[in-house]
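Everything numeric here is computed off the predicted structure, so don't read it as measured data.
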Amino acid sequence: MIIGSVGSLGTSMQESQQLSGVFSIIAAVPIFFAGIVLSNPNATLVKFFSYIPFTSPTMLLRLPQGGVPLLDIIISIAGLVLTVLVVLWAGDRIFRLGLLMYDQRPGIRRTLKTLRQG
């Protein structure tokens with residue numbers, strides 16, 4: 001949803017792909033740290049990535065290692081649920097803004113104003 005919403009802000013297909021590509025890069029971050037996750041699943045950096053919704057697949061690497069506290073799992077799931085609700089709400093507003101401003105790219109100020117009015 002968030003990739004489609006941000007992509008709708010672009011004026012061309014190439015620009016939309018570039019805007020949306022940021023989220024693909026963020027989602028790949030856990031792969032870069034897979035060695036750290038596998039060697040020390042309860043490290044502070046690994047826990048931090050487990051809590052952030054865009055890098056929460058780190059938790060999937062931690063769980064098979066064992067010894068993951070139940071609180072970490074609950075925080076990770078709660079963060080994902082909260083993020084889904086916020087992204088659906090904000091994505092609706094951003095997507096609508098992107099479609100209504102056909103062939104014009106709304107700036108950051110206009111986008112934030114639309115979210116506040118929401």
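Of all heavy-atom pairs spanning I26 and F54, the tightest one is CG2-CB, 3.5 Å. Taking both residues in full, the closest heavy atoms of N42 and K47 are given as O-CE, 3.7 Å, listed atom of the first, atom of the second, then distance. The nearest pair of heavy atoms linking P30 to L61 is O-CD1, 4.3 Å.
L38 is not connected to L60 by any chain of hydrophobic side-chain contacts under 4.5 Å among Ile, Leu, Val, Met, Phe, Trp and Tyr, and they are in different clusters. In this structure, F49 is a member of the same hydrophobic cluster as V37, with clusters built from ILVMFWY side-chain heavy atoms closer than 4.5 Å. In the hydrophobic clustering of this structure, V81 groups with L63; members are Ile, Leu, Val, Met, Phe, Trp, Tyr whose side-chain heavy atoms approach within less than 4.5 Å, directly or through other members. I52 and I25 are members of different hydrophobic clusters when ILVMFWY side chains are connected at heavy-atom separations under 4.5 Å.
The CZ atom of F33 lies 5.5 Å from the CG atom of L45; values are rounded to the nearest 0.5 Å.
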Residue pair N40, V46: steps toward the side chain to side chain contact (heavy atoms under 4.5 Å, CB included) verdict: CA-CA 8 Å; N40 190 1; V46 175; over 6 Å; no
Counting only pairs under 3.5 Å, give me each side-chain donor-acceptor contact of residues 72-79, with atom names and distances, residues two or more places apart or in other chains.
| residue | atom | partner | partner atom | Å |
| --- | --- | --- | --- | --- |
| D72 | OD1 | Y51 | OH | 2.6 |
| D72 | OD2 | R62 | NH2 | 2.9 |
| S76 | OG | S50 | O | 3.0 |

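Remark: F48 engages no residue in a ring-ring contact (aromatic ring centres under 6.0 Å, His included) (not counting sequence neighbours).
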